[in-house]
**Student:** 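I'd like to ask you about the structure that follows.
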Amino acid sequence: MAERSLEAERNDALLTWYRATARPFPWRSMRDPYAILVSEVMLQQTQADRVVPYFERFMTEFPTPRALADAPLTRVLELWSGLGYNSRAKRLRDAAAVVATDGWPDDVDGLMQLPGVGPYTAKAIASFAFGASVAAVDTNLRRVLSRWHGEELKPAALQAVAERNLGPDAAQWNQAMMDLGARICRPRAPHCDRCPVEQWCAGPGAYVPPRPQGRFEGSARQLRGAIIRHLVARPATFAALVESTGFDAGHVEEALYDLRTEGLVEPDGDRWVIAE
DNA sequence: TTCCGGTACG
DNA sequence: CGTACAGGAA
């Protein structure tokens, strides 16, 4: 009973703060499930501020699932260039093709069948576009909820705690939590002095930072990105790719094999091209 | 568990 | 120069 009251007060404070300070991202004023899908896939592992211009250009050129489904992958990757994780772009186009043919799945399980749509993105679409009463637990919610409770929560517990806090407007609560996590309850140096719910929080200690990523310079990821950028501009022979990337032939060979397996590139005569 | 981009920030 | 990013798939 007392627990419910604490949570109710904390959520009231959260939503009051959000209504006064919400970041005006373009997708937040939209309910079109396609627009939400595009934004959410772009937002996977990419800061929201950086997604905005990509989202605008993408929606202008591919305003509907059919438009995207019919687009050459080369053009899709061209508009994607700079966002990273190029497989997301192909999966997004593949998802658009499914939707253009079969229509939209009407629940979270159905949405998760779409390429590139996992637990988070499915719940985000269900909540933001379809008004479903579900919590979209992303990295922000995981961190904020863990800090509120003073311990790192496992996925099942996180989902349960989030659903319990949702309130009548799931989309608004989800977005409020993400804003709080991004702007106040940051991973390092959180602004607890500016936090609207500090009095109901156990403090920042519970957050466990992720294991550091390997160096990007000289990595396979850098090579893959360089190959895609080259092939988006023009087809190239294997030798030309070795020359332009500056990596040795063995690594270029491996990268091309992986990219081909993922459906991003394919051989065309004596050259490599972006896959259809 | 590991890998997958590229950018911007302190 | 290290860090973090509205995750998903193999």
Side-chain angles (χ1 to χ4, degrees), chain A residues 18 22-23 25-28 30 35-55 77 79-92 94-95 108 111-129 134-145 155 158-159 162 170-183 185-191 207-230 232 245 251 254-255 257-259 261-265:
Chain A
Y18 177 70
R23 297 178 292 175
F25 294 123
W27 47 86
R28 283 187 167 168
M30 302 180 183
I36 302 300
L37 170 67
V38 170
S39 68
E40 289 302 336
V41 173
M42 287 184 170
L43 286 162
Q44 289 168 6
Q45 289 290 284
T46 307
Q47 277 100 335
D49 290 310
R50 209 154 58 76
V51 165
V52 173
Y54 288 89
F55 175 76
L77 289 172
L79 289 188
W80 202 267
S81 183
L83 273 180
Y85 293 139
N86 293 302
S87 288
R88 289 186 299 170
K90 173 175 165 47
R91 295 195 187 106
L92 176 58
D94 293 345
V108 170
L111 289 165
M112 279 185 57
Q113 302 308 308
L114 297 173
V117 176
Y120 163 75
T121 303
K123 293 184 177 73
I125 296 169
S127 162
F128 299 148
V134 293
V137 179
D138 73 332
T139 182
N140 290 300
L141 272 78
R142 186 177 76 246
R143 185 174 58 253
V144 171
L145 291 171
L158 271 174
Q159 192 66 35
Q172 187 184 52
W173 187 85
N174 284 329
Q175 287 170 345
M177 289 291 283
M178 292 180 202
D179 266 20
L180 188 71
R183 305 172 65 183
C185 197
R186 309 182 303 179
R188 318 268 174 172
H191 293 304
Y207 170 67
V208 181
R211 166 179 158 281
Q213 218 174 24
R215 294 229 67 76
F216 178 66
E217 192 67 23
S219 68
R221 285 154 60 211
Q222 183 187 36
L223 172 57
R224 289 165 52 100
I227 291 173
I228 293 298
R229 275 194 304 280
H230 184 123
V232 162
T245 62
H251 288 318
E254 286 181 34
Y257 176 85
D258 292 340
L259 290 168
T261 301
E262 294 166 37
L264 288 170
V265 307

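It should be emphasised that the depicted structure is a prediction, and the values quoted were computed from it without experimental measurement. Keep in mind that the numbers below use all heavy atoms, side chains included, and drop hydrogens, waters and symmetry copies.
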**Student:** Heavy atoms only, 4.0 Å cut-off, all strands: where does Trp27(A) land among base, sugar-phosphate and nothing?
**Tutor:** base
**Student:** How many Å lie between CD on Gln44(A) and P on dA9(C), as a whole number?
**Tutor:** 8 Å
**Student:** Any base atoms under 4.0 Å from Ala220(A), or only sugar-phosphate, or nothing? Heavy atoms, all strands.
**Tutor:** sugar-phosphate
**Student:** Using a cut-off of less than 4.0 Å, is there contact between a side-chain N or O of Arg224(A) and OP1 or OP2 of dG5(B)?
**Tutor:** yes
**Student:** Taking 4.0 Å as the cut-off, does a side-chain nitrogen or oxygen of Gln45(A) come that near to OP1 or OP2 on dC5(C)?
**Tutor:** no
**Student:** Rounded to the nearest angstrom, tell me the gap between atom CG in Leu111(A) and atom C1' in dG7(C).
**Tutor:** 15 Å
**Student:** Do you know which two heavy atoms are closest between Ile36(A) and Ala129(A), and how far apart they sit?
**Tutor:** CG1-CB, 3.9 Å
**Student:** Measure across Tyr120(A) and Ala136(A) and return the closest heavy-atom pair with its distance rounded to 0.1 Å.
**Tutor:** CE1-CB, 3.6 Å
**Student:** Taking only the P atom of each, what is the distance from dG8(C) to dT7(B) in whole angstrom?
**Tutor:** 23 Å
**Student:** With a cut-off of less than 4.0 Å, is there a side-chain N or O of Arg229(A) near OP1 or OP2 of dG6(B)?
**Tutor:** yes
**Student:** Should the heavy atoms of other residues, nucleotides or ligands under 6.0 Å from NE2 of His251(A) be counted, would the total exceed 12?
**Tutor:** no
**Student:** For a quick test of reading the model: is some side-chain N or O of Thr121(A) closer than 4.0 Å to OP1 or OP2 of dG8(C)?
**Tutor:** yes
**Student:** Between dC3(B) atom C1' and Phe216(A) atom CZ, what is the distance in whole Å?
**Tutor:** 13 Å
**Student:** Closest heavy-atom contact between Lys123(A) and Val134(A)?
**Tutor:** O-CG2, 3.6 Å
**Student:** Using a 4.0 Å heavy-atom cut-off across all strands, classify Thr139(A) as base, sugar-phosphate, or nothing.
**Tutor:** sugar-phosphate
**Student:** For Arg91(A), which contact category applies under a 4.0 Å heavy-atom criterion: base, sugar-phosphate, or nothing?
**Tutor:** sugar-phosphate
**Student:** For Val41(A), which contact category applies under a 4.0 Å heavy-atom criterion: base, sugar-phosphate, or nothing?
**Tutor:** nothing
**Student:** Just to be sure I understand the rule, does Asp49(A) reach a base, reach only the sugar-phosphate, or reach nothing, if contact means heavy atoms closer than 4.0 Å?
**Tutor:** nothing
**Student:** Taking CG from Leu92(A) and P from dG8(C), how many angstroms apart are they, rounded to a whole number?
**Tutor:** 13 Å
**Student:** Could you check whether Gly118(A) gets within reach of a base, just the sugar-phosphate, or nothing at all, counting any heavy atom under 4.0 Å?
**Tutor:** sugar-phosphate
**Student:** For Arg211(A) and for Gln222(A), find the nucleotide of DNA chain B with the closest heavy atom, then tell me which residue's nucleotide is more 5'.
**Tutor:** Arg211(A)
**Student:** Rounded to whole angstroms, how far apart are CD on Gln213(A) and P on dG6(B)?
**Tutor:** 12 Å
**Student:** Looking at Gln159(A) and Pro155(A), would you say the former's side chain and the latter's main chain have a donor-acceptor pair under 3.5 Å?
**Tutor:** no
**Student:** What distance, rounded to whole Å, do you find between the two P atoms, one in dC9(B) and one in dA6(C)?
**Tutor:** 14 Å
**Student:** To the nearest Å, give me how far apart CG (Leu264(A)) and P (dA10(C)) are.
**Tutor:** 13 Å
**Student:** Within the side chain of Arg88(A), is there an N or O that forms a donor-acceptor pair under 3.5 Å with the backbone of Gly116(A)?
**Tutor:** no
**Student:** The side chain of Arg50(A) is closest to which nucleotide in this list: dA8(B), dT3(C), dG8(C)?
**Tutor:** dA8(B)
**Student:** Within the pair Arg143(A) and dC5(C), is there a side-chain N or O less than 4.0 Å away from OP1 or OP2?
**Tutor:** yes
**Student:** Side chains of Asn174(A) and Leu141(A): does their closest heavy-atom pair fall under 4.5 Å?
**Tutor:** yes
**Student:** Taking all heavy atoms of Arg143(A) and all of Cys185(A), pick out the closest pair and write down the distance.
**Tutor:** NE-O, 2.8 Å
**Student:** Given 3.5 Å as the limit, does a donor-acceptor pair link the side chain of Arg28(A) with the main chain of Arg23(A), or not?
**Tutor:** yes
**Student:** Closest-nucleotide mapping onto DNA chain C: is Asp138(A) or Val117(A) further toward the 5' terminus? I mean the 5' end.
**Tutor:** Asp138(A)
**Student:** Should the side chain of Thr46(A) and the base of dG5(B) be counted as holding a donor-acceptor pair, with the cut-off at 3.5 Å?
**Tutor:** yes
**Student:** Let me check I have this right: for DNA chain C, each base becomes ., (, ), [, ] or |, based on Watson-Crick or G-U pairs with both distances under 3.5 Å. What is the full string?
**Tutor:** |||||.||||
**Student:** Write down the distance between CD (Glu262(A)) and P (dG8(C)), rounded to a whole number of angstrom.
**Tutor:** 17 Å
**Student:** Taking only the side-chain heavy atoms of Pro119(A) (C-beta and beyond), determine which of dG6(B), dG8(C), dG5(B) contains the nearest atom.
**Tutor:** dG8(C)
**Student:** Heavy atoms only, 4.0 Å cut-off, all strands: where does Leu141(A) land among base, sugar-phosphate and nothing?
**Tutor:** nothing
**Student:** Take atom CG of Leu259(A) and atom P of dC4(B), then tell me their distance rounded to the nearest Å.
**Tutor:** 10 Å
**Student:** Does Arg215(A) have a side-chain nitrogen or oxygen under 4.0 Å from the phosphate oxygens OP1 or OP2 of dG2(C)?
**Tutor:** yes
